[in-house]
Colleague: 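Quick one: structure below, then a few questions.
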Amino acid sequence: MWTFISFHLIEPPFSLSLKTISFIFLAYSLGIIGSPISAIAEKMAINCIKTFGVLLLVSGITLTLSQSLVIIIFCLCIECLGFFTAHALTLATVSRTAIHQKGERFQLISRFLLYWGHLWEYIA
């Protein structure tokens, strides 16, 4: 997603400069909010919030197909928020539920999430 978006925005109809495109990566800062949500999620249904994070991620990625620059930037922010929320809650769930070999299971799920993200880039 983040690799593709630079090439998408440098060409018409957007024709943005590299300097302008680099500011789009500030959307990652919204992802910072996603990780602390896991503390709130412990008091609520963690699976509901995790599912909501995944829905934000998928909808953010899908809506970047828009031809409006404002919508694309907003959707990148939504995608980051959804990703970091789902990622933090998934890793928290694994570390909480694993009884044996927590480190190996934690590493396995981290790799799965990383590879799934790369696969999604090629699909979208």
Side-chain angles (χ1 to χ4, degrees):
M1 177 74 206
W2 289 94
T3 305
F4 166 75
I5 201 70
S6 300
F7 293 107
H8 180 62
L9 295 176
I10 205 165
E11 294 185 6
F14 304 108
S15 301
L16 298 177
S17 68
L18 288 175
K19 182 178 180 180
T20 305
I21 292 172
S22 66
F23 285 111
I24 292 173
F25 289 92
L26 290 173
Y28 270 112
S29 61
L30 192 60
I32 295 170
I33 298 169
S35 295
I37 289 178
S38 61
I40 298 168
E42 290 182 16
K43 298 175 183 165
M44 301 171 68
I46 195 167
N47 287 333
C48 291
I49 296 175
K50 195 180 344 175
T51 302
F52 182 69
V54 171
L55 290 175
L56 281 177
L57 170 67
V58 171
S59 62
I61 290 172
T62 305
L63 292 174
T64 56
L65 296 173
S66 170
Q67 293 299 315
S68 168
L69 184 61
V70 174
I71 292 174
I72 290 173
I73 293 171
F74 176 75
C75 290
L76 289 173
C77 294
I78 294 299
E79 184 260 334
C80 280
L81 178 63
F83 172 77
F84 285 109
T85 300
H87 186 265
L89 292 176
T90 301
L91 294 178
T93 302
V94 168
S95 66
R96 188 176 308 130
T97 57
I99 298 171
H100 303 289
Q101 301 170 334
K102 286 187 177 192
E104 290 176 9
R105 293 173 191 226
F106 190 81
Q107 186 180 26
L108 182 66
I109 194 70
S110 294
R111 286 186 180 176
F112 172 76
L113 291 171
L114 177 69
Y115 294 140
W116 182 80
H118 287 301
L119 178 65
W120 186 256
E121 280 186 27
Y122 291 113
I123 292 172

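Sequence positions, counted from 1, serve as the residue numbers for this chain.
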Colleague: Working to the nearest 0.5 angstrom, can you tell me the gap between I73 CD1 and S66 OG?
Modeller: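 Answer for the CD1-OG pair, I73 versus S66, is 11.0 Å.
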Colleague: For L56, enumerate each residue passing the side-chain contact (heavy atoms from CB on, under 4.5 Å) test, keeping only those at least two apart in sequence or located in another chain.
Modeller: F52, I78, L81
Colleague: Give a yes or no on whether the backbone of G82 and the side-chain of T85 come within a donor-acceptor separation of less than 3.5 Å.
Modeller: no
Colleague: Nearest 0.5 Å please: distance from the CD1 atom of I5 over to the CD1 atom of I10.
Modeller: 12.0 Å
Colleague: Using the rule that Ile, Leu, Val, Met, Phe, Trp and Tyr join whenever any side-chain heavy atoms are under 4.5 Å apart, tell me whether F14 and I71 fall into a single cluster.
Modeller: no
Colleague: Tell me the closest heavy-atom pair linking C80 and W2, and the distance in Å.
Modeller: SG-CZ2, 3.3 Å
Colleague: In residues 22-33, what donor-acceptor pairs under 3.5 Å come from side-chain atoms, sequence neighbours left out?
Modeller:
| unit_1 | atom_1 | unit_2 | atom_2 | d |
| --- | --- | --- | --- | --- |
| S22 | OG | K19 | O | 2.6 |
| S29 | OG | L26 | O | 2.5 |

Colleague: Return the CG to CD1 distance between L16 and I21, rounded to the nearest 0.5 Å.
Modeller: 5.0 Å
Colleague: So, using side-chain hydrogen bond (donor to acceptor under 3.5 Å, both in side chains) as the criterion, who are the partners of T93 when residues are at least two apart?
Modeller: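 side-chain hydrogen bond (donor to acceptor under 3.5 Å, both in side chains) check on T93 returns K50.
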Colleague: When L9 is tested against each of T20, L69, L18 for side-chain contact (heavy atoms from CB on, under 4.5 Å), which residue passes?
Modeller: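 It is L69, the one option of T20, L69, L18 that forms the side-chain contact (heavy atoms from CB on, under 4.5 Å) with L9.
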Colleague: Membership question, hydrophobic clusters at under 4.5 Å side-chain separation (ILVMFWY): are V58 and L63 in the same one?
Modeller: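 In one cluster with L63: V58, no.
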Colleague: To the nearest 0.5 Å, tell me how far T64 OG1 sits from F4 CZ.
Modeller: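 Going from OG1 on T64 over to CZ on F4, the span is 7.5 Å.
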